[in-house]
Amino acid sequence: MRYFLRRLGFYLFTLWAAITINFFIPRMIPGNAVDSLLAQRRGEVDSQAVQSLNILFGLDKHQSLASQYWHYLVQLSHGDLGISFGNFPEPVTTVLGSALPWTLGLIGTTTILAFLIGTGLGVFAGWKRGTWVDGLLPATSFLSSIPYFWLGLICVAWLASPLGLPTSGGYTVGNVPGWNIAGDILNHMILPALTIIVTSIGGWLLSMRNMMVTVTAEDYITVAHAKGLSGTRVMTKYAARNALLPSVSGFGMALGLVVGGTFLVEQVFSLPGVGLQLINAISGHDYPLIQGVFLVVTVAVLAANFLADLAYMALDPRTRKEG
């Protein structure tokens, strides 16, 4: 319990630090969000409108920095991330709300699939060394070294036409996103999903295989065999369970980076996810949206790592005793 509370306190402190940095960085760089918006309007906005915009975006110069910071925290507590410039007058939460399902649905699912497939193959490769599964290592390692976007371009060039698969967008133009076009959406997700899974499996396979090789040399594995336990039970209950611990930490990090880790895949396939929104926000100086994306990425990373810690506690009783 002490371990759990200590980790919870650590993540809450880290979240507060990330929120604070997210508040101060835009105010430390030259210019501000309103200046950027005025530059786009080329002097078409009068002074009263400028003051209104400063208040709207929390940049009122008549307020102290501490007062702005407190107002920012109050806004966040109500789930208010501000107004997006590029999608004015839509709130940032609305923009992110429409983009998150694409990112979580595609990249979240493919990250979990790649982890399960790679880890499962790694268990067999480490347990039965020298079999055909070991032969997959050079190929998967080579594919893992290829950047997402480069393999995506290769898939577009070589697979799209022969298989009749769409190469851009989340759905056919003219359709309205919803369950009624689920087949169309899945059709558009095949190439991006293939790209992510193929480039991710090798890392999980190699790390799990190496851990299995290390664990199978431990004395308790020999004792388990000597007790007459079945090979399958020794592999799953004794070897794989202990070998899985480092991969759990890595999986937590991978899940946390789902929201922001594959911007270029969304760019290559023109998927309307968070990554594409961030690229558009950076090119359009949409500071509130940039802040919103970074905050969502931070929260996702912390939440995923906290869940990984809980999984670690469940898998390794020594962690609970140390707490």
Side-chain angles (χ1 to χ4, degrees), residues 1-4 6-8 104-145 193-258 261 300-323:
M1 191 63 184
R2 286 178 57 193
Y3 176 81
F4 171 78
R6 193 163 61 241
R7 298 303 296 170
L8 181 62
L104 295 178
L106 169 67
I107 301 175
T109 303
T110 51
T111 300
I112 293 172
L113 283 176
F115 172 76
L116 294 177
I117 297 171
T119 301
L121 290 174
V123 170
F124 282 104
W127 188 253
K128 296 183 179 297
R129 295 190 290 278
T131 59
W132 65 270
V133 185
D134 258 352
L136 294 176
L137 280 173
T140 54
S141 299
F142 170 73
L143 291 172
S144 296
S145 66
L194 183 66
T195 300
I196 296 171
I197 290 175
V198 167
T199 53
S200 303
I201 282 179
W204 298 120
L205 195 162
L206 184 62
S207 63
M208 192 64 187
R209 191 249 183 208
N210 290 340
M211 282 305 301
M212 283 292 290
V213 170
T214 302
V215 169
T216 51
E218 296 289 339
D219 292 339
Y220 62 86
I221 298 294
T222 305
V223 172
H225 282 299
K227 290 170 66 177
L229 300 177
S230 68
T232 304
R233 184 174 181 185
V234 176
M235 180 183 71
T236 56
K237 298 290 185 181
Y238 290 78
R241 179 171 180 170
N242 288 289
L244 189 61
L245 294 176
S247 294
V248 169
S249 300
F251 183 58
M253 287 296 297
L255 272 184
L257 296 174
V258 159
V301 170
L302 293 177
N305 277 277
F306 182 61
L307 292 176
D309 279 347
L310 295 181
Y312 215 102
M313 287 174 59
L315 289 171
D316 188 356
R318 292 171 298 180
T319 308
R320 298 193 290 272
K321 289 179 181 177
E322 289 172 2

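Taking OG1 from T214 and CG from N242, the interatomic distance works out to 11.5 Å, rounded to the nearest 0.5 Å. I197 CD1 to L143 CG: the interatomic distance, rounded to the nearest 0.5 Å, is 13.0 Å. Atom CG of L136 sits about 12.0 Å away from atom CG of L206, to the nearest 0.5 Å. The distance from atom OG1 of T195 to atom CG of L106, rounded to the nearest 0.5 Å, is 9.0 Å.
Residues A239 and T216 come closest through the heavy atom pair CB-CG2, 4.4 Å. Considering all non-hydrogen atoms of both residues, S144 and G202 come closest at OG-CA, 3.2 Å. Across all their heavy atoms, Y220 and Y238 have their closest contact at CE1-O, 4.0 Å. Across all their heavy atoms, A243 and M212 have their closest contact at CB-SD, 3.8 Å.
Within the structure, the salt bridge (charged side-chain N to carboxylate O under 4.0 Å, His left out) test picks out no pair touching residues 219-233 (sequence neighbours left out). Listed by first and then second residue, the ring pair (Phe, Tyr, Trp, His ring centres under 6.0 Å) pairs involving residues 104-143 are F115-W204, F115-F251, W127-H225 (not counting sequence neighbours). For residues 207-217, every residue pair satisfying the salt bridge (charged side-chain N to carboxylate O under 4.0 Å, His left out) rule, not counting sequence neighbours, is listed here: D134-R209.
Remark: side-chain polar atoms of T199 are paired, donor with acceptor, to backbone N or O of I196 under 3.5 angstrom.
Taking the side-chain contact (heavy atoms from CB on, under 4.5 Å) definition, one finds that T222 meets it with nothing, sequence neighbours left out. Legend: residues meeting side-chain contact (heavy atoms from CB on, under 4.5 Å) with I117, ordered by chain and number and at least two apart, are L121, I201.
Taking 4.5 Å as the limit, every side-chain heavy atom of N305 sits out of range of all side-chain heavy atoms of L302.
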